[in-house]
Amino acid sequence: MSRIKNLEDYSVAYRESVEDPSKFWGNVAEEFTWKKKWDQVLDWNFEDYYCKWFIGGKLNITENCIDRHLETKADQAAIIWQPNDPHEAPITFTYADVHREVCKMANVLKSYGVKKGDRVCLYMQMVPELAFSVLACARIGAIHSVIFAGFSSHALASRIEDANAKMVITADTAYRGAKQIPLKEVVDESLNACPSVETCLVLKRTGEEIYMKEGRDVWLHEALEQVSTENEAEVMDSEDPLFILYTSGSTGKPKGVVHTTGGYMVYTKYTFENVFQYDEGDTYWCTADIGWITGHSYIVYGPLLAGGTTLMFEGIPTWPDAGRFWKIISKFKVNQFYTAPTAIRALMAQGLENVDIHDLSSLKVLGTVGEPINSEAWQWYYEHIGKRKCPIVDTWWQTETGGMMISPIAGVTPTKPTYATLPLPGIQPALLDSEGKEIDGRGVEGNLCIKHPWPSILRTTWGDHERCKFTYFSTYKGYYFTGDGCRRDEDGYYRILGRVDDVINVSGHRLGTAEIENAINLYSAVIESAVVGYPHEIKGQGTYAYVICDPVAIEEYSMEELKKGISSMVVKEIGPIARPDKIQIVRGLPKTRSGKIMRRILRKVAEGDTSNLGDTSTLLDPSIVESIKEGAIS
Ligand code: PRX
């Protein structure tokens, strides 16, 4: 096992991974089950982007996640599922159970004509069937595209359409805290616009009455009764696509990030085991949703590849009370706990009475992901959850990177609050200035790039390779550009400073400002809008929308009505996660003579810092700034 146990191991592994990446990753890959070994470890080019790992290798990732553990771990818990309602009994699925369920689901997919290379969209809450569906797709070589079940029907339709999916898997409705979310209804709305979908499989989760379209909609439990419990895994090439995951960028339309099979498998297991120092018998819990990359890599694939026990939670942290996470940790004796800073901040605000009544002594490692963690939240997590004995791994990575990139290795790398610390083996970060020159040395800041591929780097964006090249490989020639600003301190430690592009991070959710503007502009009363982020105590960043409305609409409706309409439009187009926190109706936007919006000014106003707005002399109409300042929402 390529396990790092101390700083010396880390230094050796890091050095070897840089000196001879092919040898290093070739050695790590030996630990897996391949149907045919690769001929060459790596071929790549960042200037005219392509990247291939374990070329010529044949495998099936689900044999590595499940079958290879059956001999020794058939009766060991693979997935523990905690339902939304604390009174509903949890279910434990052993490796033998997961094998059976995944084989059955794979056979159902096949019986409805899904073949290798077809796309299947999954729009479900956090139920075991979601994990089984993901793995069933991988088993038969279909490409899964999981869409977070909080997205609206419009957002869902555009993703189904872009992937040209043949099948959608969903549930009747979803429990979410005290609420129920009508998943199937949302799917029905979106499928009107998606002729490629032949079948919609529906899980009966709540038993709520729903519409079933004849010839298209099929109850999953009925389909599962018809099939065998054995399924022979499809032979896949290392570079066959495993999944598409849509993510927001600085342009309006979300991109389908494509990950392939061999490299993703090798990297997610390696990072899971090392970063969390996962040991046999540990119970690991990541609170993310499988609709995001964290759930893909570190709820499903990484932990199962490692033969671990992974907990899945259907509910939310604040229902029935703010002690829910801590109660679950104590109930299942969770050893590694991985969550987002936004959840920590929200629970921190609830005080300690919900924490101190639970026994958290099983915890060994705490993790965070998704956004920068502020010092106060880090200290609270360390002191009150980890009781000063659990290292915190602040893991920096992205949908595109597939796995963790810069992160402490638990108990190995000395931590420093707010720092993601050091690059993991195989990761070669570089800080670049605006001219594209590498900034060497320590105590410096720049745009974070990576100069050598790692096994789980994205391979393309679905259906548009040019967009992939342009977005990630054109800003700095020869480098992968992350979109993040970063500081390297005197110790060589990395601290992520946040996005340098028009992407905002709201409660750990990545949103493109252009995407929100497009949604706002669809509202009939709107002429133009500009969206920026501003610091938010709990969410990390909040959304501030400046909107110009049609004078006729302003006459006709109250400000409150207009704002409500704008807000509803964003929820309809994207989903509740993108709902603006603040909407200011303005008479104009600060534009330069060439028509470019000076977002710098809008950001300053949104931050509540109007004392020094910098040079405004190039603005077409400087008086606009005064009126925006006057109407600013604090
Ligand atoms: O800005 C960084 C932030 O989240 C972005 C990636 O978002 P997404 O693709 O949705 O993936 C999130 C889960 C991996 C990054 O560009 N980010 C992620 N982790 C951290 C972070 N910012 C600071 N510290 C982190 N640990």
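Starting from 1, each residue takes its place in the sequence as its number. We count ligands from 1, going down the list as the structure has it; atoms in each ligand are counted the same way.
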Student: For V369, counting its heavy atoms only, list the atoms of ligand 1 lying under 4.0 Å from any of them.
Tutor: 13 (C), 14 (C)
Student: Tell me the contacting part of T294 for ligand 1: side chain, backbone, both, or neither, using a 4.0 Å heavy-atom threshold, strictly below.
Tutor: side chain
Student: Do any N/O atoms on T247 end up under 3.5 angstrom from N/O atoms on ligand 1?
Tutor: no
Student: Tell me which one of W380, Y382, Y381 satisfies ring-ring contact (aromatic ring centres under 6.0 Å, His included) with W378.
Tutor: Y382
Student: Who's the nearest protein heavy-atom neighbour of atom 6 (C) of ligand 1, and how far?
Tutor: W397 O, 3.7 Å
Student: Please list, in number order, the atoms of ligand 1 under 4.0 Å from a heavy atom of I496.
Tutor: 22 (N), 23 (C)
Student: Under a 3.5 Å threshold, yes or no: a donor from one side chain and an acceptor from the other, between Y298 and T271?
Tutor: yes
Student: Can you tell me which portion of R499 lies within the under-4.0 Å heavy-atom range of ligand 1? Options are side chain, backbone, both, or neither.
Tutor: side chain
Student: Would you mind checking which non-hydrogen protein atom is closest to atom 8 (P) of ligand 1, with the distance to 0.1 Å?
Tutor: T399 OG1, 3.5 Å
Student: Without hydrogens or angle criteria, can the side chains of S145 and R119 be said to hold a donor-acceptor pair below 3.5 Å?
Tutor: no
Student: H452 and ring-ring contact (aromatic ring centres under 6.0 Å, His included): which single residue from Y479, W44, W25 fits?
Tutor: W44
Student: Students should be able to answer this: which protein heavy-atom is nearest to atom 7 (O) of ligand 1, and at what distance?
Tutor: R510 CD, 3.4 Å
Student: For ligand 1, which part of E371 has a heavy atom less than 4.0 Å away: the side chain, the backbone, both, or neither?
Tutor: backbone
Student: In terms of side-chain geometry, is the basic nitrogen of E466 or K469 positioned less than 4.0 Å from the acidic oxygen of its partner?
Tutor: yes
Student: Does anything in residues 243-262 pair up under ring-ring contact (aromatic ring centres under 6.0 Å, His included), and if so which pairs, sequence neighbours excluded?
Tutor: H144-F243, F243-H259, F243-Y264, F243-H296, H259-Y264
Student: In ligand 1, which numbered atoms sit nearer than 4.0 Å to a non-hydrogen atom of N505?
Tutor: 3 (C), 4 (O)
Student: Of L156, I147, L183, L122, which meets side-chain contact (heavy atoms from CB on, under 4.5 Å) against T170?
Tutor: L183
Student: Are D502 and R603 close enough, and set up right, to give a salt bridge (charged side-chain N to carboxylate O under 4.0 Å, His left out), and what steps lead you there?
Tutor: CA-CA 11 Å; D502 291 325; R603 276 189 215 111; 3.5 Å; yes
Student: I'd like to check whether T395 has a polar contact with ligand 1, where a contact means an N/O of the residue lying under 3.5 Å from an N/O of the ligand.
Tutor: yes
Student: Is it the case that atom CZ in R467 sees more than 12 heavy atoms from other parts of the structure closer than 6.0 Å?
Tutor: yes
Student: Could you tell me which atoms of ligand 1, counted from 1 in the order shown, lie closer than 4.0 angstrom to a heavy atom of D394?
Tutor: 24 (N), 25 (C), 26 (N)
Student: Could you identify the single nearest non-hydrogen protein atom to atom 16 (O) of ligand 1 and state the distance to 0.1 Å?
Tutor: D484 OD2, 2.6 Å
Student: Give the residue, atom name and distance (to 0.1 Å) of the protein heavy atom nearest atom 19 (N) of ligand 1.
Tutor: G370 N, 3.1 Å
